Every structure is written in C-alpha cells, then in structure tokens.
Amino acid sequence: MGLDKTPDLGAIEERARQLWEDTGIYRFDPDAPGEIYSIDTPPPYVSAAHLHVGHAMSYSQAEFIVRYQRMRGRNVFYPMGFDDNGLPTERFVEKKYGINKARTTRSEFRELCLKETGEIAIGYERFWRKLGLSVDWRLRYSTIDDHCRRTSQLSFLDLHAKGRVYRSEEPVFWDPSMQTALAQADLETITRTSTLHDIAFRAPDGRDLVISTTRPELIPSCVALYFNPTDERYQSLAGGRALVPVAGHEVPILSDDDVKIDYGTGLMMVCTFGDGADVQRWKRDGLELRLGVDAAGKMTDVAGAYAGLDTDAARKRILADLEAAGALRGSKKIEQQVAVSERTQRPTEFQMKPHWYIRVLDLTDELLARSVELNWHPDYMKVRLDAWIEGLKYDWNITRQRFYGVPFPVWYCDGCGAVVLATEDELPVDPLESSPVTPCPKCGGTAFVGDPDVMDTWMTSSLTPHINANWAHSPDRPPPAPLPMTLRVQAYEIIRTWLFYTLVKSHLHDNTLPWTDVMMSGWGLNEQGKKFSKRDLESKKEGQFNKYDPEDVIDKYGADALRFWAAGSHLGHDLRYHEEDVKVGRKLVLKLWNVARLVEQYAPDFDPSTIVSIAQRTPEDRWIVGQLERLLPVVARGFDTYDYAIARDALDHFFWAEFCDDYIELVKDRFWTEDSYTDAERASARSTLWEVLRTLLGLYAPFLPFVTEELYQYMYAAHEDALSIHVTRWPDAPAALTPEVPEIETLRVLLQAVRSERTRTRLPQGRPLTELVVDADEPATRATLEAMTQSLAAAARARSIRFGSAATETQLPGLRIDIVPEEKAEAS
RNA sequence: AGGCCCGUAGCUCAGUUGGUCAGAGCACCGCCCUUACAAGGCGGGUGUCGCCGGUUCGAGCCCGGCCGGGCCUACCA
C-alpha cells in the first residue's frame, strides 16, 4: 500500500484510459441531465504522414474547455472526424496502387481510399486517445463515408430546391497542372519577378498604340484595348478599332475608369483571359471570346501558329515574332502579384466550363449579421471574416474536375439535356454507376449521362455540424446533438474557408448560426518560430526519439506534460515548441504526485466525516483555504472565456508558491514535533491538506487528466460517488469566503528574508539558527508575530525567537531581522 | 498596397480600464542529498518594455509615424 516513490506515468495513463473506456463517461447520452455542450472539431487530414506536436497543441486547447464544461455539469457531445476527401488522398492512393483511372470506377477507387485512410485514421485515433482527448469515439466519421456523402448530396439537393444552386458556363479559375476548377478560396497570391513588354498595336490611322503586358502569348486572345476616359491622349480613339500585331485581327478600343493612367502607356489590352479583371470586363462589355489556353495549359487554335505549345514556349516564340515585326518596343523586369493555386502554387488560368455554383454574393449583409451574432474568442478574429465577406467577388463554385470526391447527385437527359436530380432516399448516389429511377420528366427519355464532376471538398467540410447532428437521417448513427452546436474550434487561417462556408450552409439550410461560440487556436511552431515542416518529422528514424513527434514526447514525458505545454499560450496566439517546456509539465505532475504522498503520510486513511470546520482551524490553515477560495473564480473565469492560459497561470502560482513552498513548509512541524502542538492543530492540518489537494486535483483535471484521475481514484473516489474525477463537480467558492489571514503574509515575508540571509551569508538552509531576531516597528505586527512564535521558529529553523533591534531589511517596511547561526552564538 | 495580430530578461511568455508594472517559468549562477519530492529544495534579474514623436502630474499600457515578424485580403495590365 502507499503511492510509489516514483510514478509510472505509462501505467497511470493506461489505467485511466481503461477506466474511461470501461465506464463510458465520455459517451453522449441525449437524455442525460445538463445543458448540451457540443463541439465541432476540425477533422484532420489523414493522408499526411505524421502528426506533430502542433496538432497536440490545438486539440488539447479545445479539450481543456471540454473537460471543464463537463465538470460544470454540461452534457458534452464531443465527436471526432477524419478528412479523407480531396486531392492529397487521391494522389496518395493513385500512386500507391498504380491506379489507371480509365479502368477504375469511382466506387472502386473510393473503397481503396477508405481502406488506406482508415488505416491511417486508426493510428490517429490511437494518438488522440493517448493524448487524453475525451472524445466519444462512437461519433467518429470520415468525410468520404456513406453518411458524409449522403449529407453532402442532401445539402446540394436542399440548396437546389431553395433556388440557391445554379449551373452556368462561365470562366472559372483553373489549375492547369491538376486540371480542375478552383474556388476563390482555393487561391493564393504570390509575388514573383516577371517581364513587362511594351507592344505596339496599330490604330486605323496607322499610328502606334503601345500597351504593356506580362503575357504576350495571349495577344492572339486579345479582345479589346482599354484606356481611362479622362486620359486625353486616347480620347480620340474611343469607339475605334485597333489592329492586333502578329495575330492580325481587329479589336474595339474602349474605356474604363479602373485603367491607371500612369501605368505603362495608359493603354491596356484585355484578353480572354489573362486575369480576373479581364473576366469582369469581358462579362460587362460583352466582348468576344477568344480562349487562348486550354485545360492542360496548352495554347488553343485561337493562338494560330502557336497552338499546342505550352504558355512559356508560346511566349518566347511570339516575342521573337513581335520583334521581327517591329512591334516589340521594350521590356523590363517587374515585381508582380500573381494568383496561384494554393495547392500546386501554379499560376491559374481561366477555362469556360459548365459548373455548379451556390449563390452567395447576395448574402453579404445577412452573413455579416451572422458574424455579429457569433461569440468570437478572441473577439478580434471577427474582422477577418467580415473582411472576407465584404470582399467576395464570385459565387461559390462547388464543381471540381476530380476523379475522387463526392459526386453530384445529378444526371443529364440524353434526349433533351434536362437536369434530373436524385431523390433523397437514393443518397448517397454515384450518377456514373446508376441511373434515375424514373424517365426524364421533360421528354420521357430513359437514357442519361451522369455528372462526371465532384464537389469541392468544402461542400462536405462545411457540413460538419450537420454531419454530427445527423441532419441527413442516415441509418445506424449514434445519438446526435441538436443544431446549432455550441462551439467551433479551429485555427485562424481557415476563417475564410471552413468557418465561412459552414456559416453559409447553416444560414441557408436552417436559417441559424452553426454554433453559438467559436474558439480560435493559434499554431504550434518549431523552435525557429516556423510552421512545422515535413523535414521536422522526416528526420525521424525508426526507434529514434523525435522531439516534434507527439507520441514520442508522450512516451518520454507523459501526456499530461505535453498538454501542459499546450496550455502555455493565450487563446489565438502561436506557441513555439521547446522540449524544455514539456519537462516543466512533467515536473508539475511529479510535484502533484509527491504532495499526494505527503498528504497520505500525514493524513493516512483520512475520514472525511471527521473534517474540522474552517472556523476551528489554525491561522495557517484558514489562510491557505482563503487563498484557494480566492483562486477559484480566477480559474473559472479563464475557462469560461476560453482563456485556459489564465487558468493555468493562476493555478500554478497558487500550487507552487503558496501551497507547496509556504503552506506545506509551515505545516510540517505539527507532525514532526508532536509535543509542541495539540491534536486539534494536527487535525486541522489533516483536514486542510486533504481538502486542498482534492480541490487542486479538480482544478488541474482539465489540463492533467491522467495524474489527477490516478490520485483521485487512489485517495478520494471511495469517499465520493463519482466514477471518475472528470465527472465530478467543478469546485466553486463558498458564498461566504473564509476571511483573509494577513499575519500569514507577514510570516511569509519574514521567512523569505531569513532564507535570503542564509544565502547571503552562505549558511545552509537546513542548519538551525541559535536565534532569530525580529524587529517590528508596528506594535500590531509585533503582536501578530509574537502570537505565532511557534510556527515561525519551526519554519525558520530557529531555536529561539527574540524581539529586539535588528538591521536586515525585509520586503515589508518597518520589519527587520537578524539571524544568529549556531557557531557564532556559541562563541559569544 | 490594405486589414488584423505580435515585438517586454539569453529563451517561451504574463502584464484588465495609464499610478509598487519591471514580472513568471525555463536557462544560467551560488548554497543544500533538511524525515513529499535530487526527475528535488532554497536563494539570486541578468531589461533602452522594437524605434521616434505626442497626450498626461505620470506611458510597457493611450494617440500618430516609422522598423521588423505572422496571418489574411488585393485585377495594377
């Protein structure tokens, strides 16, 4: 019996996990008492090779709140999903199995993806359990599973029924290397060096019209020239036409307020399509379509002699031809911002494709109102969403030309081209592998072509609340939580995507917010303050410790220690990872453990029914209880505002400085020198030690779920009726606080001064003093200290206390001390 | 170029509404194997609070302008 001198963290963690599993305390029961507290967790991509400690950080931060709310009596719904939708998975599987997509059906391919990602997800789940996430694993979902495909397709049907979905052939952002369309949110802007060429067109009167462009290969695709209407140099050209060099066709000359007079020559060309501005002018002014680049990034027939070349080759050729024709008037290097595909970093082109869109541009005001409704933590993150909403320029293009993904539940009638939608009870459906159950409602035809495209992955990710709520009524799902959910947890860089799209979906489907609160975590960064890179993890060799691998870190220092590190940055702020900080976490775990050993030693087999009332306790005991009571609202406020770091800081300070360093040191003497104290004083100490440790375990439980569980089970569970500390009541301060005991503060100052003097005079802390001289100017202070001579002498390790004249100042004005070491006293 | 966040000790970070606000932990140095803990205890801050102005009796905090970093936005051809 008795706690081991050194805890076996691995065994403790395993025991706790087993207990949680056996008792099912994290399983959601819709009928359980308490207000429902539901969490919309980010489904991590499972195609990535490794998790890093940054993942541990952000998921831990959310989990602190979850555990706190559970102890607050909320009925917690805490699911976890995995994102195995999308391109990384597709590429991974394609490569691994050497798939020829022409000979594989979507469903066969999907099965392989599910198999692969399922295996990776098992490893992920194992890790999340190891980290101590209190997830109800029955709620696990996969974004490509039947339930999620059904939910996504139902979302499409519902939005279609509501008139929110439309199909249109328009210029779409296009990634030529992936050969798929992209949405506005899939783009990034990079800065690169480019060459701006001055090229002469020809006016009808034969004069040169020089424009500047970085993309001369699009000259055959030129459909107009533009100038600013206030630019006197070109006003006479309005309504006229210009001859395009080399290509030889004519284009209209138009004006536009947005043309910068001082850029280049003030005259510009518009092509179909060089950039988004071209698209806008093309649409607005009804320009001709001369698509110059095809889906694979090669020049089209429009490019004449350059057809079939890729854009770079065409650019070189046409520059040479322009030069030969005397149309190239100059070239210079410039810094240029260019839109690239976020995933491939390739500059985007435009393609004309029939695509499905969700109309969102008219929702700006409504979405901004939703943003106001939402409780943002931290609140300044709100402006990021608002800025995105206000900057929207395009409806949401939900079509992607990928093989793998959620198909559209759509067929096109072979006879009349009518769109035929699947019915709800057919979902999930793959239109390439099945047909409508009824003939075409328009022409009665029975031949159909399934829509070959798949949905943008955000079509699914934006539905995580609906997936969790089983909005689609999929069979065999565990009990769902109602919508809206309580909390969304995510990092700030995907506000414009995940948060925005989720908001759109809930607004359109349910006319509500998806959740009431949102909590933004920052990023875990490596020691250099950079994002974790593949290299940070790839250096890992089998069986070798990698400081960024969270499983390795847990094996070495314990899960509680890693979680402790995660609590080190304020909400929404990035946190650099240092192994040293995890060691501090382990130190805390060991300290708690040793305090428990001390309590066990001084208060063995404590019977809570014999607890001494606060009023009956000694000043030291009333002091620490009063301090603890004053700590409670600080910790609670931290958790209530999602600022777990405030909670941790306050808790750590109380535990280390007040409880361990001072209170325990003060109280020890009662058990060491029996004769100097009464049994009542010892009983008071036992009650206090027992009680304060119990409260501390509760307060630390959200951060350190393992060690607190172990100690709770060992010392307290038998006296309470809870299965686990994690379902015990959160400690609240009593209505009437225990009065503060200021004399103990004076005592602490005095002890600090004694310790400091010992250091200064190189006197070991443990060596007894013959005498401690205390000099207090204030009679009240002196009287207070005189009443506590016993404790003071014991804690200062002084054989006697004398009140007289002393010279060493303490931190308290008017209070001085002197110490008389043994040898010196004997000599005098 | 614009928006938001950040810049405090060697490192990671606290510093509510301007008035013991120059702080914590780590690291480092010194002493101590004192009966919970040497994977420990005790003591020690080592600083131009990014820079320059302004408001104020008083600025790490408020205002303006710079510099540096991050995230996001942007059609400059």
Side-chain angles (χ1 to χ4, degrees), chain A residues 3 5-7 184 187-189 194 196-197 211-215 218 226 258-260 262-271 273-281 334 336-339 378 380-388 390-391 393 491-496 522-523 525 527 529-531 557 565 568-570 572-581 583-584 586-602 645-646 649-650 652-653 656-657 660-661 664-665 668 671-672 689 751-752 754-768 797 811:
Chain A
L3 293 168
K5 188 168 159 66
T6 306
Q184 189 181 348
L187 306 180
E188 257 178 34
T189 308
S194 186
L196 187 66
H197 304 281
I211 59 102
S212 302
T213 181
T214 54
R215 301 203 60 186
L218 289 179
Y226 278 83
D258 289 341
V259 176
K260 301 238 181 339
D262 53 0
Y263 189 93
T265 59
L267 194 63
M268 67 176 293
M269 74 165 178
V270 165
C271 312
F273 297 98
D275 59 25
D278 286 352
V279 173
Q280 285 181 1
R281 295 194 176 102
I334 57 160
Q336 184 194 27
Q337 328 291 323
V338 55
Y380 56 75
M381 292 292 183
K382 174 176 178 291
V383 299
R384 295 184 176 218
L385 177 67
D386 294 352
W388 172 255
E390 284 162 5
K393 287 193 170 58
Y492 47 76
E493 87 284 7
I494 51 175
I495 289 175
R496 65 171 183 170
W523 291 350
L525 303 174
E527 274 138 322
K530 300 289 177 197
K531 283 197 221 180
Y557 299 109
W565 163 72
S569 84
H570 281 261
H573 288 197
D574 299 343
L575 180 62
R576 287 195 196 192
Y577 177 78
H578 290 281
E579 198 177 337
E580 292 305 313
D581 297 331
K583 290 184 187 172
V584 177
R586 185 184 53 179
K587 201 172 128 181
L588 170 64
V589 169
L590 296 178
K591 192 75 172 176
L592 269 171
W593 184 264
N594 282 307
V595 167
R597 291 182 62 218
L598 175 135
V599 173
E600 185 186 33
Q601 181 187 322
Y602 291 151
I646 286 179
D649 287 350
D652 282 347
H653 181 262
W656 287 98
C660 292
D661 295 352
I664 287 181
E665 291 310 312
K668 276 176 178 172
F671 300 98
W672 289 356
L689 286 168
L751 290 176
Q752 164 75 29
V754 171
R755 287 170 184 160
S756 190
E757 268 303 281
R758 283 176 180 273
T759 298
R760 195 181 62 79
T761 60
R762 297 183 162 270
L763 187 68
Q765 299 290 343
R767 190 167 306 166
R797 294 201 162 83
Q811 289 172 10

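Quick caveat: nothing in here was measured; it's all calculated off a predicted structure. A, B, ... follow the sequence lines: proteins, then strands. Residue 1 opens every chain.
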Checking B:U12, B:A38, B:C75 against the side chain of A:A277 (C-beta onward), the nearest is B:C75
How is A:D574 classified with respect to the nucleic acid when contacts are heavy atoms under 4.0 Å: base, sugar-phosphate, or nothing? sugar-phosphate
Any side-chain N or O of A:R755 below 4.0 angstrom from OP1/OP2 of B:G43? yes
Answer yes or no: does a side-chain N or O of A:K587 lie under 4.0 Å from OP1 or OP2 of B:C26? yes
Measure CD/A:E580 against C1'/B:G10 and give the value in whole Å, please. 14 Å
How long is the gap from CG on A:L590 to CZ on A:R597, to the nearest 0.5 Å? 11.0 Å
When you measure from the side chain of A:S756, which nucleotide among B:A77, B:G44, B:A36 comes out closest? B:G44
Just N and O in the side chain of A:Y602: are any of them under 4.0 Å from OP1 or OP2 of B:A36? yes
Heavy atoms from C-beta onward define the side chain here; which of B:C32, B:A77, B:A39 lies closest to that of A:T6? B:A39
Base-pairing assignment for B:A1 (Watson-Crick or G-U wobble, both under 3.5 Å): B:U73
Could you tell me the separation between the CD1 atom of A:I211 and the CE atom of A:M268, rounded to the nearest 0.5 Å? 8.5 Å
If you round to the nearest 0.5 Å, how far is CD of A:E757 from CG of A:L763? 10.0 Å
Taking any heavy-atom pair under 4.0 Å as a contact, classify A:R586: base, sugar-phosphate, or nothing. base
Base paired to B:G58 (Watson-Crick or G-U; both N/O distances under 3.5 angstrom): none
Provide, to the nearest angstrom, the distance between the CZ atom belonging to A:R767 and the P atom belonging to B:G41. 21 Å
CZ-CD1 distance between A:R384 and A:I494, expressed to the nearest 0.5 angstrom: 12.5 Å
With a 4.0 Å cut-off on heavy atoms, is A:W672 in touch with a base, just the backbone sugar-phosphate, or nothing at all? base
Check every strand shown and say whether A:Q336 touches a base, only sugar-phosphate, or nothing at a heavy-atom separation below 4.0 Å. sugar-phosphate
Mind calculating the distance between CG (A:L763) and P (B:G30) to the nearest angstrom? 19 Å
Winner on side-chain proximity to A:Q765, out of B:C71, B:C11, B:U34, is B:U34
Give A:H573 one of three labels, base, sugar-phosphate or nothing, depending on what nucleic acid heavy atoms sit under 4.0 Å from its own. sugar-phosphate
When rounded to whole Å, the OH to P distance for the pair A:Y380 and B:C4 reads 13 Å
Can you label the angle between the A:Y577 ring and the A:W565 ring as parallel, tilted or perpendicular, going by 30° and 60°? perpendicular
Closest nucleotide among B:G25, B:U12, B:C4 to the A:V584 side chain: B:G25
Under 4.0 Å between any heavy atoms, over every strand shown, what does A:L575 touch: base, sugar-phosphate, or nothing? Just pick one. sugar-phosphate
Candidate nucleotides B:A14, B:G43, B:C37, ranked by approach to the side chain of A:K668 - the nearest: B:C37
Can you tell me which nucleotide in B:C76, B:G41, B:A36 comes closest to the side chain of A:Y263? B:C76
May I ask you to verify whether the side chain of A:R762 and the base of B:C31 hold a donor-acceptor pair under 3.5 Å? no
To the nearest 0.5 Å, what is the distance between CG on A:D275 and OG1 on A:T214? 8.5 Å
Touch class at under 4.0 angstrom, heavy-atom based, for A:E665 against every strand present: base
Residue mapping more 5' on RNA chain B - nearest nucleotide basis, A:T759 or A:T265: A:T759
Given that both distances must come in under 3.5 Å, which nucleotide forms a Watson-Crick or G-U wobble pair with B:A9? none
Between B:G60 and B:G54 - P atom distance, rounded Å: 15 Å
Can you see if the side chain of A:Q601 gets near the phosphate of B:A36 - specifically, an N or O under 4.0 Å from OP1 or OP2? yes
Nearest whole angstrom, please: distance from the P of B:C6 to the CE of A:M381. 10 Å
Ignoring backbone atoms, test whether A:Q752 places a side-chain nitrogen or oxygen under 4.0 Å from the OP1 or OP2 oxygen of B:G43. yes
Separation of atom CG in A:D262 from atom C1' in B:C76, rounded to whole Å: 10 Å
Looking at A:R576, I'd like to know whether one of its side-chain N or O atoms comes within less than 4.0 Å of OP1 or OP2 on B:U12. yes
In Å and rounded to the nearest 0.5 Å, what is the CG to CD1 distance from A:D386 to A:I495? 10.0 Å
What is the separation between atom CZ on A:R758 and atom C1' on B:G41, rounded to the nearest whole Å? 13 Å
How would you label the contact of A:V383 with the nucleic acid (heavy atoms, under 4.0 Å): base, sugar-phosphate, or nothing? sugar-phosphate
State whether A:K583 places a side-chain N or O below 4.0 Å from either non-bridging phosphate oxygen (OP1 or OP2) of B:C11. no
Looking across every strand, which nucleic acid part, if any, lies under 4.0 Å from A:E527 by heavy atom: base, sugar-phosphate, or nothing? nothing
Once you round it to whole Å, what is the distance between P of B:C13 and CG of A:D581? 9 Å
May I ask you to say what A:D652 touches in the nucleic acid, namely base, sugar-phosphate or nothing, with a heavy-atom cut-off under 4.0 Å? nothing
When you measure from the side chain of A:E493, which nucleotide among B:C75, B:C72, B:A77 comes out closest? B:C72
